[in-house]
Amino acid sequence: MRIARFSIDGNVAFGAVEGEGPDGLVLDIIKGIPYAEFELSGIKVPLSKVRLLPPVLPNKVVAIGRNYAEHAKELGNEVPDVPVAFFKPTTSVIGSGDAIEYPSFSNELHHEAELAVVIGRMCREVPRERVKDVIFGYTCANDVTARDAQKREKQWARAKGFDTSCPLGPWVETDLDPHDLTIQATVNGEQRQLGRTSDMIRSIEDLVVHITEAMTLLPGDVILTGTPAGVGPLHVGDEVAVTIEGIGTLTNKVIKRG
């Protein structure tokens, strides 16, 4: 099931996305929140009549760096012995169709297409065999990075945590095998990144176990699983799209901040 979060007439709701094609999609409004058992209201609105919001409002976004060998290589980095984890703040999260604001402290902004894992229940110290039980679903993500700031600053907080640096969407797909999906990024229609989730160095199960050894994850929290090779520059006016097989396409335009 595809679960979207949206606004219409000043109200925010979740809905199940039904239909196919840009003109055939409708939202069946959900009663309550989707992390617990829920019912569909039967009240349907065309997707074209609503504004899509970030599909979740995470308490935290835990991102993993250098989880694809070719990406590590293209930036001159070694594959780390353990997963490299960092945070992106909630203020970095935007939805599909929202603008990425080019940060004033950077002259080298990069796209990073990623599969995002959405957590469905509070969990800590999750055993590997129970990982699937704590996952709500999957969505597309763009770990937008101020690459020059990342290179010159020891911490990645500003480089990867600035406002609008974490586009998520367009919705969460709850019924999906994430282990071998095509993931790609285009800029102005030109393909930049093309990889498969099967190329991850550490699997989703590995990442959930590793993260929850240290911290509690809450419903709606997001894990970014790393990016394949092909990252590259974004400029003001560019439109960047992240497409993942079985989920959909996350699209954002880059604008000047201010």
Side-chain angles (χ1 to χ4, degrees), residues 1-9 11-59 61 90 93-98 113-121 131-143 166-186 193 195-198 204 208 217-225 227 239-252:
M1 181 178 287
R2 295 171 291 182
I3 305 293
R5 182 171 161 269
F6 65 95
S7 66
I8 183 171
D9 298 329
N11 298 308
V12 175
F14 289 94
V17 183
E18 301 175 351
E20 298 296 335
D23 299 322
L25 295 177
V26 296
L27 289 160
D28 192 335
I29 297 176
I30 289 172
K31 295 180 180 179
I33 59 174
Y35 307 118
E37 291 188 11
F38 64 85
E39 296 181 6
L40 298 176
S41 68
I43 301 172
K44 300 184 180 184
V45 293
L47 189 69
S48 60
K49 301 294 185 183
V50 308
R51 179 192 170 203
L52 283 178
L53 302 173
V56 291
L57 282 179
N59 175 269
V61 177
T90 56
V93 175
I94 58 173
S96 189
D98 292 336
E114 308 204 8
L115 175 70
V117 180
V118 179
I119 299 299
R121 63 176 67 177
V131 166
K132 65 180 183 299
D133 297 331
V134 306
I135 293 176
F136 175 62
Y138 305 89
T139 192
C140 304
N142 192 345
D143 177 19
C166 189
L168 298 174
W171 42 65
V172 176
E173 174 57 67
T174 63
D175 184 17
L176 185 71
D177 182 346
H179 294 97
D180 189 26
L181 305 174
T182 301
I183 177 171
Q184 63 178 320
T186 63
Q193 292 181 267
R196 301 196 70 82
T197 57
S198 54
I204 290 168
V208 172
L217 296 178
L218 302 175
D221 281 351
V222 170
I223 299 172
L224 304 189
T225 58
T227 192
E239 183 176 84
V240 55
V242 174
T243 301
I244 300 179
E245 179 183 359
I247 300 177
T249 299
L250 164 70
T251 304
N252 302 92

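What you see below is based on every heavy atom in this structure, not just the backbone, and it leaves out hydrogens, waters and symmetry mates.
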Ignoring hydrogens and angles, write down the donor-acceptor pairs under 3.5 Å from the side chains of residues 46-55, residues two or more places apart or on other chains.
residue	atom	partner	partner atom	Å
R51	NH2	D98	OD1	3.0

A side-chain contact here means heavy atoms from C-beta on lying under 4.5 Å apart; do [X] and [Y] qualify?
{"X": "V240", "Y": "T186", "result": "no"}
{"X": "I94", "Y": "L168", "result": "no"}
{"X": "F136", "Y": "V172", "result": "yes"}
{"X": "C166", "Y": "V222", "result": "no"}

Set of residues satisfying salt bridge (charged side-chain N to carboxylate O under 4.0 Å, His left out) with respect to [X], sequence neighbours excluded:
{"X": "D143", "result": "K88, K160"}
{"X": "D180", "result": "R196"}
{"X": "R5", "result": "none"}

How many angstroms lie between [atom1] in [X] and [atom2] in [Y], if you round to the nearest 0.5 Å?
{"X": "L115", "Y": "T197", "atom1": "CG", "atom2": "OG1", "result": "6.5 Å"}
{"X": "E239", "Y": "N252", "atom1": "CD", "atom2": "CG", "result": "8.5 Å"}
{"X": "L176", "Y": "M1", "atom1": "CG", "atom2": "CE", "result": "14.5 Å"}
{"X": "D177", "Y": "L181", "atom1": "CG", "atom2": "CG", "result": "7.0 Å"}
{"X": "Y138", "Y": "I223", "atom1": "OH", "atom2": "CD1", "result": "9.5 Å"}
{"X": "I183", "Y": "I244", "atom1": "CD1", "atom2": "CD1", "result": "4.0 Å"}

From CA spacing to verdict: side-chain contact (heavy atoms from CB on, under 4.5 Å), L217, V134: CA-CA 9 Å; L217 296 178; V134 306; over 6 Å; no
Who passes side chain to side chain donor-acceptor pair (under 3.5 Å) against [X], sequence neighbours left out?
{"X": "S7", "value": "none"}
{"X": "T139", "value": "none"}
{"X": "K44", "value": "E18"}
{"X": "T90", "value": "none"}

Looking at [X] and [Y], what are the two nearest heavy atoms and their distance?
{"X": "A141", "Y": "L224", "value": "CB-CD2, 3.6 Å"}
{"X": "G95", "Y": "L250", "value": "C-CD1, 4.3 Å"}
{"X": "T249", "Y": "A241", "value": "CG2-CB, 3.9 Å"}
{"X": "Q193", "Y": "A113", "value": "OE1-N, 3.0 Å"}

Test side-chain contact (heavy atoms from CB on, under 4.5 Å) applied to D133 - qualifying residues, sequence neighbours left out: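 Only R130 meet the side-chain contact (heavy atoms from CB on, under 4.5 Å) criterion with D133.
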What donor-acceptor contacts under 3.5 angstrom involve side-chain atoms of residues 24-43, with partners at least two apart or in another chain?
residue	atom	partner	partner atom	Å
D28	OD1	G42	N	2.9
S41	OG	I29	O	2.8
S41	OG	I43	N	3.0

Evaluation steps, side-chain contact (heavy atoms from CB on, under 4.5 Å), between I204 and T225: CA-CA 7 Å; I204 290 168; T225 58; 4.3 Å; yes
Heavy-atom donor-acceptor pair, [X] side chain to [Y] backbone, under 3.5 Å:
{"X": "N142", "Y": "A185", "answer": "no"}
{"X": "W171", "Y": "G15", "answer": "no"}
{"X": "T182", "Y": "E245", "answer": "no"}
{"X": "E173", "Y": "D175", "answer": "yes"}

